[in-house]
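Since the structure comes first, as structure tokens, the remarks are kept for the end.
FYI, side chains are in, hydrogens and waters are out, and symmetry mates aren't considered; it's all heavy atoms of this structure. Numbers restart at 1 for each chain; the letters A, B, ... are given by sequence-line order, proteins then strands. Treat the numbers as computed from the prediction; the structure is a model and nothing was measured.
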There are 4 protein chains.
Amino acid sequence: MSQKDKKEKRASRKSRRQAETRKSLLDAARKVFAVTGLTSATIAQITETADLGFGTFYLHFASKEELYLAVLKEGFAELDKELKQILDEARESQYSGNEIIEIVIAIFFRFARENRDLFQVGFAGLDAGMQIGISLRKQYADWFSELLKEIHPVEIPESQLELLSTSIVAMVSRTAVWWMQQKEESEPDFLSLEQAIAVVSRFAIAGLTDFYSISN
Amino acid sequence: MSQKDKKEKRASRKSRRQAETRKSLLDAARKVFAVTGLTSATIAQITETADLGFGTFYLHFASKEELYLAVLKEGFAELDKELKQILDEARESQYSGNEIIEIVIAIFFRFARENRDLFQVGFAGLDAGMQIGISLRKQYADWFSELLKEIHPVEIPESQLELLSTSIVAMVSRTAVWWMQQKEESEPDFLSLEQAIAVVSRFAIAGLTDFYSISN
Amino acid sequence: MSQKDKKEKRASRKSRRQAETRKSLLDAARKVFAVTGLTSATIAQITETADLGFGTFYLHFASKEELYLAVLKEGFAELDKELKQILDEARESQYSGNEIIEIVIAIFFRFARENRDLFQVGFAGLDAGMQIGISLRKQYADWFSELLKEIHPVEIPESQLELLSTSIVAMVSRTAVWWMQQKEESEPDFLSLEQAIAVVSRFAIAGLTDFYSISN
Amino acid sequence: MSQKDKKEKRASRKSRRQAETRKSLLDAARKVFAVTGLTSATIAQITETADLGFGTFYLHFASKEELYLAVLKEGFAELDKELKQILDEARESQYSGNEIIEIVIAIFFRFARENRDLFQVGFAGLDAGMQIGISLRKQYADWFSELLKEIHPVEIPESQLELLSTSIVAMVSRTAVWWMQQKEESEPDFLSLEQAIAVVSRFAIAGLTDFYSISN
DNA sequence: AATGAATGAGAGTTCATTCAT
DNA sequence: GATGAATGAACTCTCATTCAT
């Protein structure tokens with residue numbers, strides 16, 4: 001093995017370790033943010049949760065805000081990927097419009113269930129003057145507008161489309177959070193994930209159907 | 001004028017002044033909370049906005065939390081009153097179920113428009129581990145469940161009723177916030193208050209109608 | 001009754017009332033100081049204890065320090081008077097030196113018992129950068145030096161005289177405070193006031209006798 | 001040098017530095033407390049005196065009280081050690097009772113001279129409702145009771161023993177403080193340390209001798 | 001690269017003092 | 001003269017960030 005190779009190998013080992021440390025911090029941050037909120041979370045809590053030294057944080061992130069953005073960006077990447085795929089499938093008309101709606105809602109609920117902490121953090125609202133919660137909702141509302149255009153190629157005023165998308169995203173995201181909290185308290189009479197998805201989907205589909213039927 | 005009268009008059013003048021100061025603080029807090037969120041808001045910002053001395057705050061509130069609760073309680077009192085009245089009217093069947101739903105949604109939107117800051121504060125979400133935003137949403141969801149029982153006396157499982165109410169309250173409240181933000185930016189193609197109410201109402205009514213028709 | 005008389009009468013009524021208010025504040029201050037110490041005592045506590053309005057304080061005293069000095073000065077006035085009298089009697093040789101010493105110690109203990117709060121406050125030590133406790137001890141030590149000169153007209157170096165006086169005043173004052181605290185806890189086996197005085201007196205007299213016998 | 005060794009070395013260097021900082025704070029606190037008293041002393045004064053950053057304080061002590069206790073505990077440890085040793089020697093009867101008394105008084109005076117600030121702080125009196133000064137005096141009075149029992153095995157009532165011990169400790173400690181203040185002002189006619197010890201010792205011994213001779 | 005001691009700006013809170021009533 | 005609401009300086013404590021090791 002050449003000198004250069006050795007160096008590279010060592011470098012890659014280093015960067016792998018570095019990536020692991022970074023991951024630890026992101027995971028820890030997600031947990032801490034979910035419990036204490038963004039503003040109240042402290043770097044000390046996060047590094048302690050990650051079982052890392054105090055100063056290590058600043059080797060990976062320039063500030064708490066940068067960390068927050070990274071948590072959201074990397075956390076929601078998977079959801080974004082799934083949604084992108086669904087949009088493509090909608091374009092290829094593999095499913096009916098109503099089927100797609102239900103699939104999308106199911107994706108949201110499942111993602112929320114598997115990323116409880118992150119989901120709550122992301123949709124938490126306007127904390128600390130950061131409009132991140134809002135921008136996330138806006139982002140998914142915009143995406144939903146795109147979807148609706150694919151499904152119902154009827155032209156409706158942009159403003160109405162936005163309002164519809166906003167409404168549905170708000171409903172789905174908050175209801176998912178609510179559902180997780182219900183589940184947590186282990187009520188005897190509680191809705192399964194499938195039931196919850198079914199109810200919300202039917203509601204959304206009925207509303208949309210009505211809306212588009214009149215618009216035509 | 002007797003000694004006693006003088007004393008009383010002085011006392012009432014003082015308490016009037018005190019009440020005014022308290023009001024100033026509540027108004028200022030509402031504004032500041034809407035911009036920065038609860039956690040990041042500082043007492044200094046609030047007293048400065050109210051154009052009052054720093055220590056004055058502590059003559060009226062023991063802490064930021066107490067102020068926050070007072071802002072919400074006193075701010076939403078009017079909305080609560082209107083909703084209570086509507087529930088009574090629903091019981092007396094003065095309106096059809098669908099009319100009531102639309103009226104309720106209109107009340108929310110109008111209240112939001114006239115209490116922008118407050119509405120955003122109240123529904124801002126779970127800020128910093130404080131569950132106040134949540135409890136407000138929960139409170140109105142519970143109220144909405146009551147209303148639905150009056151309108152559609154069909155018995156449906158409690159858990160489904162809760163989910164429906166939660167969904168609708170989430171949708172209406174967040175969409176109202178969104179609408180206010182749209183309006184602010186004075187887009188050329190924007191929805192009037194009446195239009196927004198109409199769209200959301202139609203959507204909600206269609207969803208509910210579908211839901212109850214199947215349940216029957 | 002002439003106009004002038006009326007005026008005077010009214011004025012005297014006023015000033016009598018004023019004096020009462022002042023007295024209330026002094027009494028309240030004494031209590032509060034004894035419990036919380038000088039620095040930690042607040043004007044609010046004092047006026048509340050005196051059942052007076054907040055601002056009233058500043059009609060009678062310019063500051064907390066002024067109050068503190070007044071409390072001590074007026075409180076110890078009686079003790080000073082008694083001691084002055086004893087010194088005169090010593091000059092007239094109505095009692096033997098040892099009798100005088102015992103009388104003085106008895107006066108201290110009785111005054112301490114009847115002015116618990118005040119005595120503790122006065123001898124509390126150096127609180128808040130105020131050297132008042134020290135100056136009080138110094139004052140009584142100086143007085144005691146005078147007394148010793150009367151009783152034992154032998155000339156001993158000033159520095160030794162001061163040391164002796166300081167020692168005895170320290171011993172008597174602190175032991176009186178200790179005795180009051182013992183009594184408070186109502187121990188079964190506790191010393192009566194007379195016993196305590198007797199022990200301390202005998203101790204002091206023996207020490208002094210020895211000292212002066214050698215000096216001669 | 002192995003990885004582990006390096007780590008350990010680094011840790012020990014760090015903890016050494018930490019210990020130094022802690023020491024600086026204790027020293028500074030001693031000075032500040034002696035001048036301003038406990039209640040009026042501020043953290044800022046202390047850190048400034050120690051030439052350290054403001055927040056550094058809280059890395060080492062949780063509060064001013066904790067610091068105060070540490071100052072006393074660590075400061076008086078040496079005195080306690082010496083006294084313990086003397087008590088042992090008294091038990092082994094290496095010295096006569098009167099010699100022991102003089103040795104003890106000398107120890108107190110010498111310790112006071114070498115720990116001026118600390119000694120004043122410790123015996124400053126009941127500051128602001130904190131009973132620490134009192135408890136220190138009580139502690140040494142109790143120790144002195146033990147000593148007296150060794151020296152004079154005659155049984156005298158506990159209450160009288162306590163009163164005697166209290167008196168002597170009060171006398172010795174306050175007189176030591178007084179002596180230091182005299183010295184400071186560099187009076188022409190002032191007592192040397194040895195002289196002061198001699199006077200106080202003779203006084204105390206004469207008093208005790210008289211007391212025990214009568215008790216027998 | 002990792003660490004954590006040191007830092008100080010900034011937050012909440014208290015309270016002596018002023019002043020309008 | 002009596003009052004207590006208003007004030008802001010001063011204090012304690014927290015925590016993001018820096019930096020020497």
Side-chain angles (χ1 to χ4, degrees), chain A residues 14-15 17-18 21 39-48 52-65 67, chain B residues 6-7 9-22 39-47 50-65, chain C residues 14-15 17-18 21 39-48 52-65 67, chain D residues 6-7 9-22 39-45 47 51-65:
Chain A
K14 271 198 179 173
S15 72
R17 196 173 154 208
Q18 207 178 331
T21 304
T39 319
S40 305
T42 69
I43 307 285
Q45 281 176 318
I46 292 165
T47 51
E48 212 168 301
L52 282 168
F54 196 70
T56 308
F57 178 84
Y58 289 92
L59 294 174
H60 297 275
F61 301 96
S63 68
K64 207 165 70 164
E65 306 217 341
L67 170 69
Chain B
K6 262 191 200 162
K7 218 173 196 172
K9 194 172 174 187
R10 203 190 313 141
S12 96
R13 217 182 306 132
K14 279 204 174 166
S15 71
R16 206 180 319 128
R17 189 180 166 200
Q18 207 177 344
E20 276 166 26
T21 304
R22 190 189 149 90
T39 318
S40 304
T42 70
I43 310 280
Q45 283 176 322
I46 292 166
T47 50
D51 201 24
L52 282 168
F54 196 77
T56 307
F57 177 84
Y58 290 95
L59 289 175
H60 298 275
F61 302 97
S63 67
K64 208 164 62 166
E65 264 76 35
Chain C
K14 271 197 179 172
S15 72
R17 197 173 154 208
Q18 209 177 330
T21 305
T39 320
S40 305
T42 68
I43 307 284
Q45 281 176 317
I46 293 166
T47 50
E48 213 168 301
L52 283 168
F54 197 70
T56 308
F57 177 84
Y58 288 92
L59 294 175
H60 296 275
F61 302 97
S63 69
K64 206 165 71 163
E65 306 216 340
L67 170 69
Chain D
K6 261 192 202 162
K7 219 174 196 172
K9 194 172 174 189
R10 203 189 313 142
S12 97
R13 216 182 307 133
K14 280 204 173 165
S15 71
R16 206 178 322 126
R17 191 180 165 199
Q18 208 176 344
E20 276 166 26
T21 305
R22 190 189 149 90
T39 318
S40 304
T42 70
I43 310 281
Q45 282 176 324
T47 51
D51 202 23
L52 283 167
F54 193 80
T56 308
F57 177 83
Y58 290 95
L59 289 176
H60 297 275
F61 302 96
S63 67
K64 209 165 59 168
E65 264 75 35

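- Rounded to whole Å, atom P of dA5(F) lies 14 Å from atom CZ of Phe61(B).
- Distance from the side chain of Tyr58(C) is smallest for dA16(E) among the nucleotides dC13(F), dA16(E), dT14(E).
- DNA chain E forms stems at E:2-21 with F:2-21, each a run of 3 or more consecutive Watson-Crick or G-U wobble pairs whose two key distances fall under 3.5 Å.
- In this structure, CD1 of Ile43(D) is placed 20 Å from P of dG10(E), rounded to the nearest angstrom.
- Between the CD atom of Gln18(D) and the CG atom of Leu59(D) there is a distance of 7.5 Å, given to the nearest 0.5 Å.
- The phosphate of dA2(E) (OP1 or OP2) has a side-chain N or O of His60(A) nearer than 4.0 angstrom.
- When rounded to the nearest whole Å, the span between NZ of Lys64(B) and P of dA11(E) equals 9 Å.
- Atom OG of Ser63(A) is separated from atom CD1 of Ile43(A) by 8.0 Å, given to the nearest 0.5 angstrom.
- Residue Ala50(B) is classed as having no contact, given no heavy-atom separation below 4.0 Å to the nucleic acid.
- If you measure from atom CD1 of Ile46(A) to atom P of dC15(F), you get 12 Å, rounded to the nearest angstrom.
- In this structure, Glu48(A) atom CD and dG4(E) atom C1' are separated by 12 Å, rounded to whole Å.
- Between the P atom of dT17(E) and the CD atom of Glu65(C) lies a distance of 8 Å, rounded to the nearest Å.
- Counting only heavy atoms from C-beta outward, the side chains of Leu67(A) and Ile46(A) approach each other to under 4.5 Å.
- Residue Thr21(C) has a polar side-chain atom (N or O) positioned under 4.0 Å from OP1 or OP2 of dA2(F).
- Note that CZ of Phe61(A) and OG1 of Thr56(A) are 12.0 Å apart. Values are rounded to the nearest 0.5 Å.
- Rounding to the nearest 0.5 Å gives a distance of 11.5 Å between OG1 of Thr47(C) and NE2 of His60(C).
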All N/O pairs under 3.5 Å across the protein-nucleotides 7-10 of chain F interface:
from, atom 1, to, atom 2, distance (Å)
dT7(F), OP2, Gly53(B), N, 2.6
dT7(F), OP2, Thr56(B), OG1, 2.6
dG8(F), N7, Gly55(B), N, 2.9

